[in-house]
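Following this message is one structure expressed as structure tokens.
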Amino acid sequence: MASNLPGSVRQFGVAIRALLVFTVALGILYPLAMTGVAQGLFHGNANGSIVQVNGKDVASDLIGQAYTMDSGKKDDKGDPIMVADPKWFQTRPSAIDYDAMGSSGSNLGPNNPDLLAAVQERKKAVAALEGVSESQVPPDAVTASGSGLDPDISPAYAALQVNRIARERNLSVQQVQQLVKESTEGRTLGFLGEPRVNVVKLNNALAAL
Amino acid sequence: MSDTAAGLLQVGALIVLLAVCYRPLGGYMARVYTGEKHSRVERGAYKLFGVDAKAEQTWAVYARSVVAFSAVSVILLYLLQRLQHALPLSNGLPGVESGLAFNTAASFVSNTNWQSYVPEVTMGHLVQFAGLAVQNFLSAAVGVVVAIAVIRGFARSKTDRLGNFWVDLTRTVIRVLLPICILGGLLLVAMGVVQNFSSGHEVTSVVGQAQTLPGGPVASQEVIKELGTNGGGYYNANSAHPFENPNPLSDLFEIFLLLLIPVCLTRTFGVMVKDKRQGYAILGVMGTIWGAFVFLATLFETQGAGTATRAAGAAMEGKETRFGEWASSLFAVSTTGTSTGAVNAMHDSFTPLGGGVPLFHMMLGEVTPGGTGTGLYGILVLAVLTVFVAGLMVGRTPEYLKKKITGREMKLVSLYILATPTVVLVGASLAMGLATARASILNTDSPHGFSEVLYAFTSAGNNNGSAFAGISANIPFYNTALGLVMLLGRFVPIVIVLALAGSFAQQQPVPVTQGTLPTHKALFVTMLVGVVIIVTGLTYFPALTLGPLAEGL
């Protein structure tokens, strides 16, 4: 070691060497080894819990999707305006239209007038679609999630949609309720998180009928 | 089960998990930093670094090592981002623009993990796992070793040596962080977190719409992001993203991870100063304030104030269905009390006072329980101040852990306490004075806009990294200003606290007498809680009245 160098210069030399060693160990070996083991032990999870319907990759069980259709109208920018497709269970509003390459919430504040207007408009739309009064529309149906990719809705919002799905698909209400039940999860271990219905699983089950 | 019962059980389960780990991990860490033996891997590492593992350093050399290592880290991380386009596994993304690259390098090296960018479309896999994740380990380790040096300042006497930075750093990585990360990372994959190198998986939904699902070695990074109180998300939505935090169990595990080391370090402290009651007292202060903030945040979020919130019926904007108000509030308080800054819900959309809770929690200086190491040395500085104030009241020379607190120590303590608020408030005022900076505010209609700016500088100065994310911070002003605030907020306090430790280490211990204020009893715990809230909190009171208080009251 060049011990005749001033202390601060010597510390920089050590720093560079240490950083390179740690980068190889923690930045290359660690993630590679973890990926190897994870792919071996938990292949499905490690690759995003992809699910298939009729042999095709349709979704990840964990990532929400938009179940919408072209309304035929265009917005100011000339893009088609998408509306809820009544044949499918609807997920929550999303600040990013379920574009999984740019997860985000709306970040609008609790008193933001634009958010207030959006909530009121969504409430009206959901009430009209389901044929119920606005007071029956649950909060998750009119608020955007934090990730913009929430696959879940509340059991209340799922129950609200059952009659419409039964009508649109010529199924009995009991049949649809049974499907909802199969995609419903209670609180984990009975007390963690919130009860919820996974809309992606539910709609994939509808598609597989 | 009612919401309240389930929510309380959730908090209770978290506390039980931490309690189970408190003694084993705290005691283990004490042995890590007092043991004489070096393992074979460690000896190899010291040879590669070119350091003599037996040579201990003075506080000044220790501080120089911290600064040199961090400076080199900033430079390497900056270059990795700038050269991304020429490197493999970059998902075809271009090099990162210079202002943003500086901001991000400063952010990850200072353990802040403020993110002015959308990761999915800015940082390729290589920059994430070979650059950002490496700093997640190293910046956390730097925080821990500084805390250890400070503990040695109290535990040792009549020496000018505080230990060897390179040995402490290597041991932290190899003996503490890495084993927990390997186990915890695999547990996260078992719970559903992704771990791959895919640059995007195409699916076509049952209604025929295409969706690209992002990939990445997420679990291996997620675990150190929480354990090292870093907080930088692999994805933009951070721990609200289902691939980072898929269910309520992974959520509880992530909250546990981010509290684990800061909590257990109080045990390490107690063991190393040979009085475990001192560790319990410090933990008591941290736990009291953390608990009070969890209560307040949950209360405000479940009440659901705000015009838009009331119209919706509950504060679910920016929250995930699987977490709801309770788990989101618990995460928000834990992430802002630990300088982590990960989020499982968007704080910008919290209710007016509910969003003020995480903001105020950061302002306390990240000591409840604080970041890895930073929380412990931060609260020890405040403990010294508390003893000093108590000494003034009764007219005695104050002492803490048998060390006299003289003029020199108090000057350092005062500098430490003023450093962070100064950079935060000067930065925030500057931003409000500049039209270009004001233009970045999203919620322009109310005091909420000021809260976004105040939150940004508070988060940067206290090295938290969470945001009222509506603010468009990726402009030259914020990238530069916040980058500087992060570096100053990190390294100025570190140098001061190491100087303080050096000063204590040189002293001869004073004998405990009847007049000594016992620092392990309820009286001292209460006083320290008061000092934390009053001294640091009130510094920011005028600023808080302009933001969340004006909006919420």
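Just so we're on the same page: letters track the sequence lines, and every chain starts at 1. Basis for what follows: all heavy atoms, side chains included, without hydrogens, waters or symmetry-related copies. As the structure is a computational prediction, the values presented were derived from the model and not from experiment.
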Chain B contact via A/A144 - side chain, backbone, both or neither, heavy atoms under 4.5 Å: both

Heavy-atom pairs under 4.5 Å with chain A, option from B/A5, B/A130, B/S451 with the top count: B/A130

Heavy-atom contact with chain A under 4.5 Å, split by part of B/F323: backbone

Donor-acceptor contact present, side-chain B/Q211 to main-chain A/Y98, <3.5 Å: yes

Heavy-atom pairs under 4.5 Å with chain A, option from B/G306, B/G449, B/P214, B/A308 with the top count: B/A308

What donor-acceptor contacts under 3.5 angstrom involve side-chain atoms of residues 27-42 of chain A, with partners at least two apart or in another chain?
| from | atom 1 | to | atom 2 | distance (Å) |
| --- | --- | --- | --- | --- |
| A/Y30 | OH | B/S220 | O | 2.7 |
| A/T35 | OG1 | A/P31 | O | 2.6 |
| A/T35 | OG1 | B/Q195 | NE2 | 2.9 |
| A/Q39 | OE1 | A/H43 | ND1 | 3.3 |
| A/Q39 | OE1 | A/N47 | ND2 | 3.0 |
| A/Q39 | NE2 | A/N47 | OD1 | 2.8 |
| A/Q39 | NE2 | B/Q195 | O | 3.1 |

Side-chain (A/K87) to main-chain (B/V207) donor-acceptor, under 3.5 angstrom: no

B/K319 vs A/E194, side chain to side chain contact (heavy atoms under 4.5 Å, CB included): CA-CA, chis, key distance, verdict: CA-CA 12 Å; B/K319 292 193 181 69; A/E194 301 289 334; over 6 Å; no

Whether A/N45 side chain and B/A190 backbone form a donor-acceptor pair below 3.5 Å: yes

Which portion of A/I96 sits near chain B, non-hydrogen atoms under 4.5 angstrom: neither

Heavy-atom pairs under 4.5 Å with chain A, option from B/L186, B/V118, B/L249 with the top count: B/L186

Test log, rule side chain to side chain contact (heavy atoms under 4.5 Å, CB included), inputs B/H241 and A/L149: CA-CA 7 Å; B/H241 198 295; A/L149 299 172; 3.4 Å; yes

Under 4.5 Å from a heavy atom of chain B, the part of A/V58 involved: both

Backbone of A/N107 reached by a side-chain donor or acceptor of B/N443 within 3.5 Å: yes

B/L138 versus chain A, the contacting section by heavy-atom distance below 4.5 Å: side chain

Sidechain-backbone polar pair: B/E320 side chain, A/G146 backbone, donor-acceptor under 3.5 Å: yes

Chain A interface, residue from B/G355, B/G192, B/G324, B/P217 that has the most non-hydrogen pairs under 4.5 Å: B/G192

Engaged part of A/L206 at the chain B interface, taking heavy atoms whose separation is under 4.5 Å: neither

Neighbours of chain B found in residues 61-74 of chain A - heavy atoms under 4.5 Å: A/L62, A/I63, A/G64, A/Q65, A/A66, A/Y67, A/T68

Non-hydrogen side-chain atoms of B/L252 and A/T188 separated by less than 4.5 Å: no

Side chain, backbone, both or neither of A/P93 within contact of chain B (heavy atoms, under 4.5 Å): neither

Selection from B/S205, B/P246, B/A71, B/A327 maximising heavy-atom pairs under 4.5 Å formed with chain A: B/S205

Under 3.5 Å donor-acceptor, A/S103 side chain and B/A237 backbone: yes

Contacting moiety of A/L108, where chain B heavy atoms sit under 4.5 Å: both

Residue pair B/M316, A/V142: steps toward the side chain to side chain contact (heavy atoms under 4.5 Å, CB included) verdict: CA-CA 9 Å; B/M316 283 304 287; A/V142 295; over 6 Å; no

